[in-house]
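See below for the structure under consideration.
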Amino acid sequence: MGPVKLWAVSDLHVRHPDNRAVAEDLRPESGDDWLVVAGDVAEQVEDVVRTLALLRSRWARVIWVPGNHELWTRAKEAEPLRGVARYERLVRECRALGVDTPQDPFPVWTGPGGPVVVAPLFLLFDYSFLPDGATTPQEGLAIARSAGVVCTDEFLLHPDPYPDRAAWCAARVQESRARLDAVDPALPTVLVNHWPLTRLPTRVLRHPEFALWCGTTATADWHVRYRARAVVYGHLHIPRVTVEDGVRFVEASLGYPREWKARAERRGRADPVPRQVLPAPATLPDPGTTTTSAATPPAR
């Protein structure tokens, strides 16, 4: 048996039978391994709970953050909660399972590569990843609509009781920043969020206008400011590793069946699911790895 490891997976979307089979087959290499689940497990609360319960029965620790799909509200649900109320229900369900959430104390990984604070975050998006030609979110949304790009979040992800999604995002950023500021400055971190923390990963989107629904510029320097050893995210369904300012950014998505099957056929191999976060793999980076210096070191 090898060293204890911290793993990550995202965008399991278990309502698809093929994806559910993948989720049910996920197993650790060691009984002491941890698993980060970076959102979009499912759309129905019951499916989220069932999947996380299974994973928690296998991993020593499971750490979850919500994605946009967990936050969707459909009228056909038995309990169609909206916005913060829906998120709070998911948190309660996770706590009952022994799964860590963004509302719980940050766990400290003490295995190989540690000690490292694993910080699950819930940050949303605020339309600040603007498409070319836009100077305001309103202009960006108009450009996206004219290109035929409108995220389902506009119809199913409700911000109640906040007036809009950007306001909810601002509140989440403020709360998360305060918690990260309180972390021991001697400790590095692994930052976990469903949406990318920087704009760079969205540059490869087939439809660049979709970046509007992919994060916030408010977190552009967090990987530097908070001493990140790695950043884990999902949402884009483009699994790869990029490097910014010397920090590994791990996109850990499974994605929809048509996507991961097409990648496997094209490359002649399946994507690694889950992805190893710590200790940092000694293997060469993915073919799509990008190295850049994207953030200005923040004032302390």
Side-chain angles (χ1 to χ4, degrees), residues 1-12 22-23 26-41 52 55-56 58-67 99-102 104 106-123 176 180 183 187-198 200-201 219 222-224 226-255 260 270-291:
M1 184 176 295
V4 177
K5 295 176 181 178
L6 171 65
W7 302 89
V9 70
S10 179
D11 296 78
L12 288 170
V22 171
L26 293 177
R27 296 180 184 276
E29 292 182 358
S30 160
D32 294 322
D33 286 0
W34 289 17
L35 181 67
V36 165
V37 182
D40 278 8
V41 175
L52 291 177
L55 298 176
R56 181 64 185 87
R58 296 173 177 173
W59 266 266
R61 194 153 199 166
V62 173
I63 301 162
W64 166 86
V65 300
V99 171
D100 293 280
T101 79
D104 297 312
F106 295 151
V108 178
W109 167 260
T110 57
V116 173
V117 174
V118 181
L121 308 171
F122 167 37
L123 300 171
S176 300
L180 288 167
V183 170
L187 290 177
T189 63
V190 169
L191 303 179
V192 181
N193 186 51
H194 178 66
W195 295 267
L197 293 187
T198 71
L200 179 67
T219 60
W222 282 22
H223 60 290
V224 176
Y226 297 116
R227 311 166 301 282
R229 189 73 55 79
V231 175
V232 176
Y233 68 100
H235 191 56
L236 302 185
H237 295 194
I238 307 173
R240 61 179 185 151
V241 176
T242 55
V243 179
E244 299 183 47
D245 303 294
V247 179
R248 294 172 60 245
F249 282 66
V250 181
E251 211 282 11
S253 293
L254 175 61
W260 56 261
D271 295 317
V273 180
R275 292 232 168 194
Q276 183 178 328
V277 179
L278 292 177
T283 56
L284 292 174
D286 296 351
T289 296
T290 302
T291 302

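Given the structure is predicted, the values throughout are model-derived calculations rather than measurements.
Counting heavy atoms from C-beta outward, Y226 and V117 have side chains that stay 4.5 Å or more apart. Contact annotation: the side chain of P274 approaches that of L26 to within less than 4.5 Å [non-hydrogen atoms, C-beta and beyond]. Counting heavy atoms from C-beta on, the side chains of P112 and V4 come closer than 4.5 Å. A 4.5 Å side-chain heavy-atom check between W64 and V41 finds at least one atom pair inside the cut-off. Looking at V65 and F122, their side chains never come closer than 4.5 Å, going by heavy atoms from C-beta outward. In this structure, R227 and V183 have side chains that are in contact, with non-hydrogen atoms separated by less than 4.5 Å. Inter-residue side-chain proximity for W222 and L121 is flagged as met; some heavy-atom pair is nearer than 4.5 Å. In this structure, R61 and V118 have side chains that are not in contact, with every pair of non-hydrogen atoms separated by 4.5 Å or more.
Shortest non-hydrogen contact noted between V277 and R248 is O-NH1, 3.2 Å. Of all heavy-atom pairs spanning D104 and V99, the tightest one is OD2-O, 4.0 Å. Minimum heavy-atom separation, H237 to E251: N-OE2, 3.0 Å. A pairwise comparison of heavy atoms in G234 and S253 identifies CA-OG, 3.5 Å as the closest pair. Considering every non-hydrogen atom in both H223 and F249, the closest pair reads CG-CZ, 3.5 Å. Annotation for P201 and L236: closest pair O-CD1, 3.5 Å, computed over non-hydrogen atoms.
Using cut-offs of 30° and 60° on the angle between ring planes, the pair H235 and W195 is tilted.
Remark: F106 CZ to L187 CG distance equals 12.5 Å, nearest 0.5 Å. To the nearest 0.5 Å, atoms CG (L52) and CG (L12) are separated by 9.0 Å. Rounding to the nearest 0.5 angstrom, the gap separating the CD1 atom in I238 from the CG atom in D271 is 11.5 Å. The CG atom of L55 sits 6.0 Å away from atom CG of L35, with the distance rounded to the nearest 0.5 Å.
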Evaluation steps, side chain to side chain contact (heavy atoms under 4.5 Å, CB included), between L180 and L191: CA-CA 10 Å; L180 288 167; L191 303 179; 3.9 Å; yes
Evaluation steps, side chain to side chain contact (heavy atoms under 4.5 Å, CB included), between Y233 and L197: CA-CA 8 Å; Y233 68 100; L197 293 187; over 6 Å; no
Evaluation steps, side chain to side chain contact (heavy atoms under 4.5 Å, CB included), between H194 and S10: CA-CA 8 Å; H194 178 66; S10 179; 3.9 Å; yes
Full working for side chain to side chain contact (heavy atoms under 4.5 Å, CB included) between W260 and V22: CA-CA 11 Å; W260 56 261; V22 171; 4.0 Å; yes
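Judged purely by atom type and a 3.5 angstrom limit, D33 uses its side chain to pair as donor or acceptor with the backbone of E29.
Results of the side-chain contact (heavy atoms from CB on, under 4.5 Å) test with V192 over V231, V250, V37, V232 single out V232 as the only residue that passes.
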